[in-house]
2 protein chains.
Amino acid sequence: MPIYSRFLNELKAKDIQRVSSGQLGKSLNITAAQIRSDLSYFGSFGQHGYGYRVDELLEHIRHILGMDKLHHLILVGAGNLGRAIASYGSFRDRGFAIQGIFDSNPLLEGNFLSGCIIQPVSKLEEYLAANRVDIGVIATPRDASQDICDRLVKNNVRGIWNFSPIHLIVPQGFIVEHMHLTDSLLRISFKLREIEQRREETK
Amino acid sequence: MPIYSRFLNELKAKDIQRVSSGQLGKSLNITAAQIRSDLSYFGSFGQHGYGYRVDELLEHIRHILGMDKLHHLILVGAGNLGRAIASYGSFRDRGFAIQGIFDSNPLLEGNFLSGCIIQPVSKLEEYLAANRVDIGVIATPRDASQDICDRLVKNNVRGIWNFSPIHLIVPQGFIVEHMHLTDSLLRISFKLREIEQRREETK
DNA sequence: TAGATTGTTAATCGATTAACAATC
DNA sequence: TAGATTGTTAATCGATTAACAATC
């Protein structure tokens, strides 16, 4: 779904108003049937004999992905990675706003980071009691992350975006998305080894 | 596979020497059959009636994932995200070493970043001709990324680790791994909307 | 030998694809 | 009406799981 969203945005930027599942599939390397099946799961957005109106479909997908409402985020961990995430612009203008930043390092306390004052992690519960938070971003060192996660869950933060290299456990009804850099890199390494082997075999 | 690797490392840290597919499955929330099937694809690493020796299995998996050899990386784009990646320690000690850093901003030129001098992007080809590079890390703005990707591919850099918010196209025989922050965030948003809906329905 | 657990085969399940009637 | 393309059903494919013989 996010892939469709991105591609339709590109089409819109090119002022293309109409697209068929066949064209979409060709561009995205997916079968046309797959696309029609994906979309029809959420409703009937196309027109027989015509295809899909780009802007209409985009609106539907934005709604499905929840891009049509504001999400309140907080960030825990203002190290290298945390700072990079906080400064990252691409999702701010998609309705995802970091509204609180926490770090355990007292030296960082009080510093500004992309419009937020860095607060001590001990203030987390206080903040959560007073403010609505949809998604907690965890960019702490490995040892701290499950504890932070538990504290977020306990205060009913439903979505966890995890950048720490730990497989976080959350109860049913909560969502974790892992951004495991090392795992991603290992997947490359794994696939490189595969193609390397295949090349040697065909030699 | 990376998940197994991480978990086995934890077991090893706890000095546990032996594990069965049943135990593994329980901890990782996978069926035992799945695990045995995954592993047997690469060989027979277990012992009948006993299970798997943690350190042996770990060695096999490290080999499968290519963690037993050094990978030469370069980083293109030394902005917020690029700097965070360069400073990230977790993969350096897994054999992934960033050995060249490039940025188009002349102000950054000559600066040090985690042991490397930042070079102008125009020197990319020169560097690639003189040095072996396995994986190119792309952390440039969206407009530059496909161009950089093409230049890496042209110089036979087989693996591309993409942090820019673009779906990069590479020819057959090359590998791209996308770290699309926004997509990941949208998946959370999507799932949050789902559980929200389910909760409303059961009300 | 009895107990445990693998590696693998066969059965099940779900997801992808092809095909086509519906319809703009 | 003829042409195009959807939404959906039925067929295919692949991946997951259960079951069990092999064996330590």
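Numbers restart at 1 for each chain; the letters A, B, ... are given by sequence-line order, proteins then strands.
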| query | Reckon B:F45 touches a base, only the sugar-phosphate, or nothing at all at heavy-atom distances under 4.0 Å? | reply | sugar-phosphate
query: Is there a side-chain polar atom (N or O) of A:Y50 under 4.0 Å from OP1 or OP2 of D:dG7?
result: no
Among the nucleotides D:dC20, C:dA18, D:dT6, whichever has the atom closest to the side chain of A:A33 is C:dA18
task: Please examine the side chains of A:L124 and A:I74, heavy atoms only from C-beta on, and report whether any two atoms are closer than 4.5 Å.
output: yes
For DNA chain D, the dot-bracket notation using Watson-Crick and G-U wobble pairs below 3.5 Å, [ ] for pseudoknot-type crossings and | for other-strand pairs, is ..||||||||||||||||||||||
With a cut-off of less than 4.0 Å, is there a side-chain N or O of B:S21 near OP1 or OP2 of C:dT6?
yes
Here the gap from A:I101 atom CD1 to A:Q99 atom CD, rounded to the nearest 0.5 Å, amounts to 11.0 Å
Rounded to whole Å, CG of A:L39 lies from P of D:dT5 at a distance of 16 Å
Q.
Please determine whether the number of non-hydrogen atoms from other residues, nucleotides or ligands lying under 6.0 Å from atom CD1 of B:I16 exceeds 12.
A. yes
Separation of C:dC24 atom C1' from A:R53 atom CZ, nearest Å, is 13 Å
Does a nitrogen or oxygen in the side chain of B:Q34 sit under 4.0 Å from OP1 or OP2 of D:dT17?
yes
In whole angstroms, the gap separating P of C:dG3 from CZ of B:R18 amounts to 16 Å
note: A:Y41, atom OH; C:dT16, atom C1'; distance rounded to Å ~ 16 Å
B:Q23 CD to C:dA4 P, in whole Å, measures 13 Å
Exercise for the section: Answer yes or no: is there an ion pair linking A:D147 with A:R151, defined by an N-O contact shorter than 4.0 Å? Expected result: yes
The reported gap from CD1 in A:I138 to CH2 in A:W161 (rounded to nearest 0.5 angstrom) is 12.5 Å
Whole-Å distance, B:F42 CZ to C:dG7 C1', equals 15 Å
B:S44 near the nucleic acid: base, sugar-phosphate alone, or nothing, with a heavy-atom cut-off under 4.0 Å? sugar-phosphate
Taken to the nearest whole Å, CD1/A:I30 to P/C:dT16 is 10 Å
**Asked** Looking at A:T31, does any N or O in its side chain come under 4.0 Å of the phosphate oxygens OP1/OP2 on C:dT16?
**Response** no
Separation of D:dT16 atom P from B:D38 atom CG, nearest Å, is 7 Å
Residue pair B:G22/A:R36 against DNA chain C: nearer the 5' end by closest nucleotide is B:G22
Here the gap from B:E177 atom CD to A:I188 atom CD1, rounded to the nearest 0.5 Å, amounts to 5.5 Å
Closest to the side chain of B:H48, out of D:dC20, D:dT6, D:dC24, is D:dC24
A:Y52 has its side chain closest, among D:dG7, D:dT5, C:dT17, to D:dG7
N/O donor to acceptor pairs below 3.5 angstrom from side-chain atoms of residues 27-37 of chain B, sequence neighbours left out:
{"unit_1": "B:S27", "atom_1": "OG", "unit_2": "B:Q23", "atom_2": "O", "d": "3.1"}
{"unit_1": "B:T31", "atom_1": "OG1", "unit_2": "B:Q34", "atom_2": "N", "d": "3.1"}
{"unit_1": "B:R36", "atom_1": "NH1", "unit_2": "B:S21", "atom_2": "OG", "d": "3.0"}

To the nearest 0.5 Å, atom NE2 of A:H72 lies from atom CD1 of A:I98 at 13.5 Å
